[in-house]
Amino acid sequence: FVTLDLEDRAGRSFNKALSVDPGHLEATFNSGLVEWRTVGLTDAELDRRLGEAERRHGRPARAALLRARWRLLVDDPKGAEEVFRAIGDLEGQPAAVRREFGLAVIGRISATGESNRLDQARATLEAVVQESPSDVAAVVALARARELCGEDGVAGEMYDHARRLDDSLPEDPAEVAATILSGHSVEQATPLTAPVQSLAAFGEGAVAARTAETAAIVIRRGDARPGRRIELGGPARQGRSMTLALGGTALLVCLENGPLTLFDAKTSVQMRNLRLHPGVAICVAASRDGRMAATGGSDRCLRVWDLESGECVSTLQGHEAFISALVWHPSANGIFTAGADGTVRLWNLDKSRCELVMEGHRGPVRVVSLSGDGTTILTGGQDGSVGVWDPASGQNRRWLRGFRGAVTSVTTVDGSVVAGGEDGTVRFWDEADGKSQRVFRLANPIQDVEAATGSRLWVAHGSTVSCLFAPERR
């Protein structure tokens, strides 16, 4: 039923099994997985349920297998590997247990660079593949193990074998690994010298990262070294404090104690200052034609600017606390703002008034974004939820949950809603039906995410900007 996307029927079947045997391990795992996909059951709650079922019925090897599969599903190969320590020696364990152990170790090595237990994982996977030569995941994991051992020729042959088993796999071995295995999502990581506050798309294949050191660093895909440095002249509050404007030729930035400033996007030279946003400007966004910009800040006001003249042309009031984020309406004559008062508001610029107030978050709204096709508004809150809204009516379509802590960023990538949180996870949901798809785990809280090209995503976490490759998992 789950495979056929019939989660309701699957859930009823699993719940019926649990009514007969409340501690049934497989039913506990599968019912929890259905809830995780469909109603936002947290990772911690599914872990708790599995632990309770194991205490009822024992079966440590079977419980370890299910726990490991769960940790691999949520991109935690290190956690999956640690699960197997509870059962000790793997010799004589079922092939399924040995398989998950091999996948976990290879994922952990690729994610952390720590190569201990590589030989054991390779030997384990060789035995698993010999027993089940058509197991695509085991074949790919063994190919990756051969790569890590420097046996590129043998690894290439095994990747070819995996493609014969599944002809939809890509040609690039790194993309194959990211498609099949946990722990292989980080395509490149660029460490910077200060915490990253926000990201802004910066032309094809590049992103600008604003740091706490009052500078923006340009990072390009395919080059993990920090690139050109743009001195911005001052710090900013946490938030989307910079954006491309004037048709992509200029970078517009907010300063905590200074005016809005335009920089030449190619030369990094300061072009001119606009007037000061009273109080502290927290967020800025340019209109689709790049000629206008909007800012929000501590004065609770939305301010609209003409970038040619540098003048503020409209000031709109209504929020009862500071404005934390904003995005232009697809029609270009409106702006959505998110506030610490827990509301999202749509402002009609032609009529200079608020036309919609969207409520539902239990606390401050941290971020607001527009889907790529302009048909959906996305919000993220301090309450850990992502709201999906109709931009025309302001009606909430659904809530997406799973974070432990605040949502700090939200966007869309290839038909998926993608959000980052203070718990260090990046979570994906199907934009059409809201079903949870996958989770990436990084070492630090997520500050920002920015869609890239080709199923890729820029992620700011701690003092690092990473490019994640996120193809549809098999």
Side-chain angles (χ1 to χ4, degrees), residues 72-77 80 99 102-113 115 118 121-122 125 129 133-190 201 204-207 219-224 372 411-416 418 420 425-431 437-442 449-459 461 464-474:
L72 290 172
L73 179 65
V74 294
D75 199 47
D76 183 16
R99 172 188 188 270
L103 297 182
V105 174
I106 297 306
R108 186 263 302 161
I109 292 172
S110 295
T112 67
S115 60
L118 173 58
R122 184 181 67 173
L125 288 166
V129 170
S134 61
D135 184 333
V136 176
V139 171
V140 171
L142 181 55
R144 181 65 180 135
R146 294 285 195 177
E147 265 188 315
L148 292 168
C149 292
E151 302 172 9
D152 293 343
V154 177
E157 293 174 2
M158 300 212 67
Y159 280 123
D160 289 341
H161 176 50
R163 291 189 199 93
R164 286 193 293 271
L165 295 172
D166 181 351
D167 59 10
S168 68
L169 290 176
E171 287 297 319
D172 185 345
E175 294 189 5
V176 173
T179 301
I180 299 292
L181 304 177
S182 177
H184 289 74
S185 59
V186 178
E187 199 169 62
Q188 75 178 54
T190 301
E204 186 71 22
V207 69
I219 300 168
R220 298 193 175 279
R221 184 173 157 240
D223 186 353
T411 188
T412 57
V413 176
D414 291 346
S416 296
V418 183
T425 64
V426 179
R427 296 176 181 269
F428 286 62
W429 297 266
D430 189 294
E431 188 176 350
Q437 294 175 317
R438 65 190 309 177
V439 179
F440 292 123
R441 294 180 182 274
L442 298 170
V449 297
E450 179 71 39
T453 57
S455 300
R456 288 171 173 84
L457 182 74
W458 294 105
V459 180
H461 53 109
T464 300
V465 176
S466 295
C467 183
L468 303 187
F469 178 51
E472 183 179 353
R473 286 290 292 273
R474 305 295 175 82

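When reading the values below, keep in mind they use all heavy atoms of this one structure, side chains included, and skip hydrogens, waters and symmetry mates. This is a predicted model, so every value here is computed, not measured.
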To the nearest 0.5 Å, how far apart are [atom1] in [X] and [atom2] in [Y]?
X    : Y    : atom1 : atom2 : answer
R99  : L125 : CZ    : CG    : 9.5 Å
L442 : T425 : CG    : OG1   : 9.0 Å
T190 : I219 : OG1   : CD1   : 4.5 Å
E157 : R146 : CD    : CZ    : 9.5 Å
H461 : R441 : NE2   : CZ    : 14.5 Å
L142 : M158 : CG    : CE    : 4.0 Å

The criterion is side chain to side chain donor-acceptor pair (under 3.5 Å); which residues satisfy it with H161, sequence neighbours excluded?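 H161: no side chain to side chain donor-acceptor pair (under 3.5 Å) contacts found.
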
side-chain contact (heavy atoms from CB on, under 4.5 Å) partners of [X], counting only residues at least two apart:
X    : answer
S185 : D75, F440, L468
S134 : L165
A80  : A68, R71, L72, A104
D172 : A174, E175

[X] and [Y]: which non-hydrogen atoms are nearest, and at how many Å?
X    : Y    : answer
I106 : A145 : CD1-CB, 3.6 Å
T411 : A451 : OG1-CB, 4.2 Å
T464 : A189 : CG2-CB, 4.1 Å
S182 : P77  : OG-CD, 3.4 Å
A178 : R438 : O-NH2, 4.0 Å

_Check against side chain to side chain contact (heavy atoms under 4.5 Å, CB included), F469 and H184_ = CA-CA 8 Å; F469 178 51; H184 289 74; over 6 Å; no

Are the side chains of I180 and L169 in touch, meaning some heavy atoms are under 4.5 Å apart?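 They are in contact (side-chain heavy atoms under 4.5 Å apart), so the answer is yes.
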
message = Considering only residues two or more places apart or on different chains, which pairs with a residue in residues 104-113 satisfy salt bridge (charged side-chain N to carboxylate O under 4.0 Å, His left out)?
response =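 Counting only pairs at least two positions apart or across chains, the salt bridge (charged side-chain N to carboxylate O under 4.0 Å, His left out) contacts touching residues 104-113 are E81-R108.
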
Note to self: With a 3.5 Å distance limit and no angle check, can you tell me whether Q188 reaches the backbone of C467 through a side-chain donor-acceptor pair?
What the structure shows: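 No, the answer is negative, given that no donor and acceptor are paired below the 3.5 Å cut-off.
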
Checklist entry - Would you say the side-chain atoms of R163 pair up with the backbone N or O of E171, donor to acceptor, closer than 3.5 Å? => result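 Yes.
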
Could you verify whether a donor N or O on one side chain and an acceptor N or O on the other, from S416 and D414, lie under 3.5 Å apart?
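There is no such pair between these side chains.
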
For side chain to side chain contact (heavy atoms under 4.5 Å, CB included), just list the numbers for V449 and V413, CA-CA rounded to whole Å, side-chain angles, deciding distance to a tenth of an Å, and then say yes or no. CA-CA 10 Å; V449 297; V413 176; over 6 Å; no

After noting the C-alpha distance and the side-chain angles of L148 and S115, does the key distance pass the side chain to side chain contact (heavy atoms under 4.5 Å, CB included) rule?
CA-CA 8 Å; L148 292 168; S115 60; over 6 Å; no

